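In what follows, a structure is listed as structure tokens, so that the remarks can point back to it.
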Amino acid sequence: MNAPKHTYAEMYPELGTGPVSTESAVSKEFFEQEREKIFRHQWFSLLKRDSDIPNPGDYFVREIEIVGVSVLVIRGDDNQIRAFHNSCTHRGNRLVHDDRGCTVGMQCDFHGWTYDRQGELAYVTDEEQFYDLDKSELGMPKIHLDIWRGFLFVNFDEMPDQSLETAMGDFNQDLSPFAFDDLECIGRYRYQVDANWKTTMNAFQEGYHVAFVHKRSAPDAFTGDDNPYCHIPKIKLQDNGNQSLAVPAAPEHKLSPTEELAFKFGSTFTQGIGNTEICPGTWQGEAENWGFDLNIIFPFSRINVGAGWCYVDAFWPIAQDKTIYELAYYFPKPVKPSQMISQEFSKIVLRDLSREDLATNEVTHSALMARSIDKLQLSDQEIAVRHLYKTVTARVAG
Amino acid sequence: MANRLPEEFSDLEGYVDWAEPTEAARMARRIGASMEELTDYYSTLLPRMEAIAAYLDQWDLPELPDDAKPLLYLGMMYMEAAVAVELFKDPDVPESSPAEKLTVLTEHGERALLG
Ligand code: FES
Ligand SMILES: [Fe+2]
């Protein structure tokens with residue numbers, strides 16, 4: 001690839017080219033400010049689609065550790081999906097203990113108050129003993145929930161300072177046309193990482209590491225003679241912190257006997273390579289040798305899209321030095337057993353490949369904590385890393 | 001004990017212990033196995049995979065009878081073994097975040113099969 005050397009610094013001169021301080025990744029005070037100024041106000045992607053809870057009464061529970069809230073998301077009898085604090089309005093007991101399921105309603109196991117699938121308080125045990133109880137005011141405490149192209153998001157602000165649509169920024173045009181609707185979740189993973197969320201995420205924001213970190217899992221799928229360092233062919237950085245990066249695919253990628261089988265039975269995550277049928281909502285039409293796209297919704301969740309599949313993930317901050325990386329694959333709903341076997345191939349390769357990414361994070365984090373280095377040297381290929389630090393620092397200062 | 005695989009796959013009966021119904025269990029079995037066991041499983045299953053697929057594809061997934069499920073699980077286990085043999089040359093992923101820090105959750109397809 002004969003791209004000019006500093007394409008992205010020229011596109012985004014305001015980001016500068018100097019070293020970036022590691023302070024925001026190692027300071028506990030900075031983390032507290034991120035919590036107050038960013039996390040409490042952001043739209044959280046729950047990494048779930050409306051189709052994951054298709055029927056009235058279907059629900060899931062998600063702990064959002066960073067704000068300390070257990071969230072219950074449930075589809076009501078009116079087919080509306082709502083989000084609530086998973087807490088009883090009597091004295092605050094946790095209502096639902098299972099991670100997921102289908103229910104006719106929620107009964108508190110402390111004193112038996114019962115809520116319907118719309119979150120309304122339906123029944124109070126021994127009600128006569130109360131004084132002026134107005135049941136209509138005592139539904140489960142609501143949390144703002146909005147849906148973008150089927151993906152569920154929540155916001156803990158009393159009045160969100162921006163709509164989900166605003167937060168999605170250019171993705172409303174660029175990513176929106178992607179064919180999400182026929183996809184089903186075929187795998188979900190949660191990784192505990194002892195590292196700052198930004199350090200963790202940085203390993204997923206450039207292609208520079210691919211030839212080294214993924215030499216086993218992806219020896220030739222994303223790097224080849226024409227692009228040995230996995231140069232990113234397209235990057236779009238939005239002012240609101242959102243980012244889109246096209247990951248290249250290597251045209252000379254050789255299929256192993258097993259990937260060949262996987263293709264015979266279905267499709268794999270490398271099918272963007274040489275695929276001429278354009279996937280709307282991707283960089284495919286504009287990027288030479290397109291593999292898939294990384295789309296980062298500021299601050300830490302992503303909707304990444306490939307040729308006919310996608311994966312959503314998030315780098316959930318738990319503490320300054322703790323992150324949970326959650327990852328879910330959405331592939332075409334398998335009809336035949338052989339398709340399920342085929343999809344297993346992509347799931348396993350990508351699952352294991354993520355473990356390679358995460359290995360670098362904890363040691364990097366320790367070095368930053370020890371102040372072994374206090375600055376990051378970032379190349380033009382790592383401009384998305386630079387952009388993340390810039391955006392976070394500006395938000396915390398603002 | 002009665003055979004657990006369809007007649008035409010009686011050659012694989014010795015591997016029926018590998019027919020784990022969840023991805024979490026298949027991953028654990030792979031990591032707990034030796035490279036010799038994985039290579040043996042891989043080389044035995046590879047030439048049988050197309051026949052396995054053709055047999056299972058008599059049904060759509062929702063109609064797949066219970067007695068065909070162990071064969072499907074063997075096919076999915078093949079993918080775990082194959083990744084270890086073809087890519088990692090090791091039962092586990094070298095230079096990676098440890099498997100204990102990873103939770104493999106169960107999703108729709110797996111739950112539907114478990115019934
Ligand atoms: S706390 Fe729920 S009924 Fe008392
Ligand atoms: Fe990576």
Side-chain angles (χ1 to χ4, degrees), chain A residues 51-52 54 99-100 184-194 212-219 256-259 261-262 264-266 324-331 333-349 351-362, chain B residues 23-24 26-27 30-31 42-43 45-47 49-50 52-64 68-69 71-90 92-113:
Chain A
S51 54
D52 287 315
D99 285 349
R100 52 160 299 283
E184 176 181 270
C185 185
I186 60 152
R188 187 177 294 275
Y189 308 90
R190 214 167 277 163
Y191 306 78
Q192 293 171 49
V193 190
D194 292 310
F212 299 91
V213 171
H214 302 310
K215 57 184 179 290
R216 297 182 180 89
S217 60
S256 71
T258 302
E259 187 169 10
L261 276 179
K264 227 174 248 174
F265 302 159
I324 288 182
Y325 176 53
E326 183 173 331
L327 165 62
Y329 297 114
Y330 285 78
F331 273 58
K333 184 181 164 70
V335 180
K336 289 290 184 189
S338 62
Q339 284 173 286
M340 205 165 176
I341 294 176
S342 166
Q343 292 178 354
E344 205 69 3
F345 171 79
S346 298
K347 274 168 71 174
I348 293 170
V349 175
R351 178 196 75 200
D352 290 350
L353 176 149
S354 306
R355 286 178 54 201
E356 294 174 330
D357 285 308
L358 297 171
T360 64
N361 301 144
E362 296 187 353
Chain B
E23 184 184 346
R26 288 189 292 271
M27 186 180 91
R30 160 184 149 195
I31 292 173
Y42 167 82
S43 338
L45 271 278
L46 175 58
M49 286 301 287
E50 296 207 37
I52 291 175
Y55 179 86
L56 294 170
D57 283 358
Q58 295 176 74
W59 301 277
D60 283 352
L61 273 166
E63 280 80 51
L64 188 72
K69 286 178 186 172
L71 192 63
L72 171 62
Y73 298 144
L74 283 186
M76 287 161 77
M77 184 68 215
Y78 166 81
M79 291 297 176
E80 288 283 353
V83 165
V85 171
E86 292 179 356
L87 296 176
F88 297 112
K89 327 278 186 226
D90 193 283
D92 203 350
V93 183
E95 294 177 60
S96 75
S97 160
E100 307 81 69
K101 298 184 99 173
L102 160 63
T103 311
V104 180
L105 299 161
T106 283
E107 280 295 334
H108 310 273
E110 199 164 288
R111 277 200 297 274
L113 286 168

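Reminder, nothing fancy here: chain letters follow the sequence lines and each chain counts from 1. Side chains are part of it too, since the values below use all heavy atoms of this structure and drop only hydrogens, waters and symmetry mates. Source: prediction; values computed, not measured.
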Is there a donor-acceptor pair under 3.5 Å between the side chain of B/Lys101 and the backbone N or O of A/Tyr191? no
Can you find a side-chain donor-acceptor pair between B/Glu107 and A/Tyr330 that sits under 3.5 Å? no
Nearest heavy-atom neighbours spanning A/Ala359 and B/Ser97: CB-N, 3.6 Å
Answer with side chain, backbone, both or neither: which region of A/Phe345 has an atom nearer than 4.5 Å to a non-hydrogen atom of chain B? both
Examine whether an atom of A/Lys264 lies under 4.5 Å from a heavy atom of chain B, and if so say whether it belongs to the side chain, the backbone or both; otherwise answer neither. side chain
Which atoms of A/Glu184 come close to chain B, meaning under 4.5 Å heavy atom to heavy atom: side chain ones, backbone ones, both, or neither? side chain
Of the non-hydrogen atoms in B/Glu23 and A/Tyr189, which two are nearest, and what is the gap between them? OE2-OH, 2.6 Å
Of A/Ile341, A/Leu358, A/Asn361, the largest count of non-hydrogen pairs under 4.5 angstrom with chain B goes to A/Ile341
At their closest point, which heavy atom of A/Pro337 faces which heavy atom of B/Leu56, and how far apart are they? CG-O, 3.3 Å
Would you mind checking if B/Asp90 and A/Arg216 are paired as a salt bridge, meaning a charged N to carboxylate O distance below 4.0 Å? no
For A/Asp52, is it the side chain, the backbone, both, or neither that has a heavy atom closer than 4.5 Å to a heavy atom of chain B? both
Measure distances from B/Leu71 to the heavy atoms of chain A and classify the residue's part below 4.5 Å as side chain, backbone, both or neither. neither
Where on B/Val83 is there a heavy atom nearer than 4.5 Å to chain A: the side chain, the backbone, both, or neither? side chain
Pick whichever of B/Ala54, B/Pro94, B/Gly75 has the most heavy-atom pairs under 4.5 Å with chain A. B/Pro94
Please identify, among B/Ala24, B/Ala99, B/Ala68, the residue contributing the most non-hydrogen atom pairs under 4.5 Å to chain A. B/Ala99
Quick check on the interface: out of A/Glu259, A/Glu356, A/Gln192, A/Arg188, who has the most heavy-atom pairs with chain B under 4.5 Å? A/Arg188
Pair B/Phe88-A/Asp352, side-chain contact (heavy atoms from CB on, under 4.5 Å): steps then yes or no: CA-CA 10 Å; B/Phe88 297 112; A/Asp352 290 350; 3.6 Å; yes
Checking A/Gln343 against chain B: side chain, backbone, both or neither under 4.5 Å from a heavy atom? neither
Examine whether an atom of B/Tyr73 lies under 4.5 Å from a heavy atom of chain A, and if so say whether it belongs to the side chain, the backbone or both; otherwise answer neither. neither
Which atoms form the tightest heavy-atom contact between A/Pro219 and B/Leu87, and what is the distance? CD-CD2, 4.2 Å
Tell me, out of B/Asp92, B/Leu64, B/Val85, B/Thr106, who's got the most heavy-atom pairs with chain A below 4.5 Å. B/Asp92
Measure the NE2-CD distance between A/His214 and B/Glu95 for me, rounded to the nearest 0.5 Å. 12.0 Å
Under 4.5 Å from any heavy atom of chain B - which part of A/Asp194: both
Would you say that A/Ile186 contacts B/Glu110 through its side chain, given a criterion of any heavy-atom pair below 4.5 Å between the two side chains? no
Quiz question: by atom type and distance under 3.5 Å, do the side chains of B/Glu86 and A/Thr258 form a donor-acceptor pair? yes
When the 4.5 angstrom heavy-atom criterion is applied to A/Leu261 and chain B, the contacting part is side chain
What are the two closest heavy atoms between B/Leu61 and A/Pro334, and how far apart are they? CD1-O, 3.5 Å
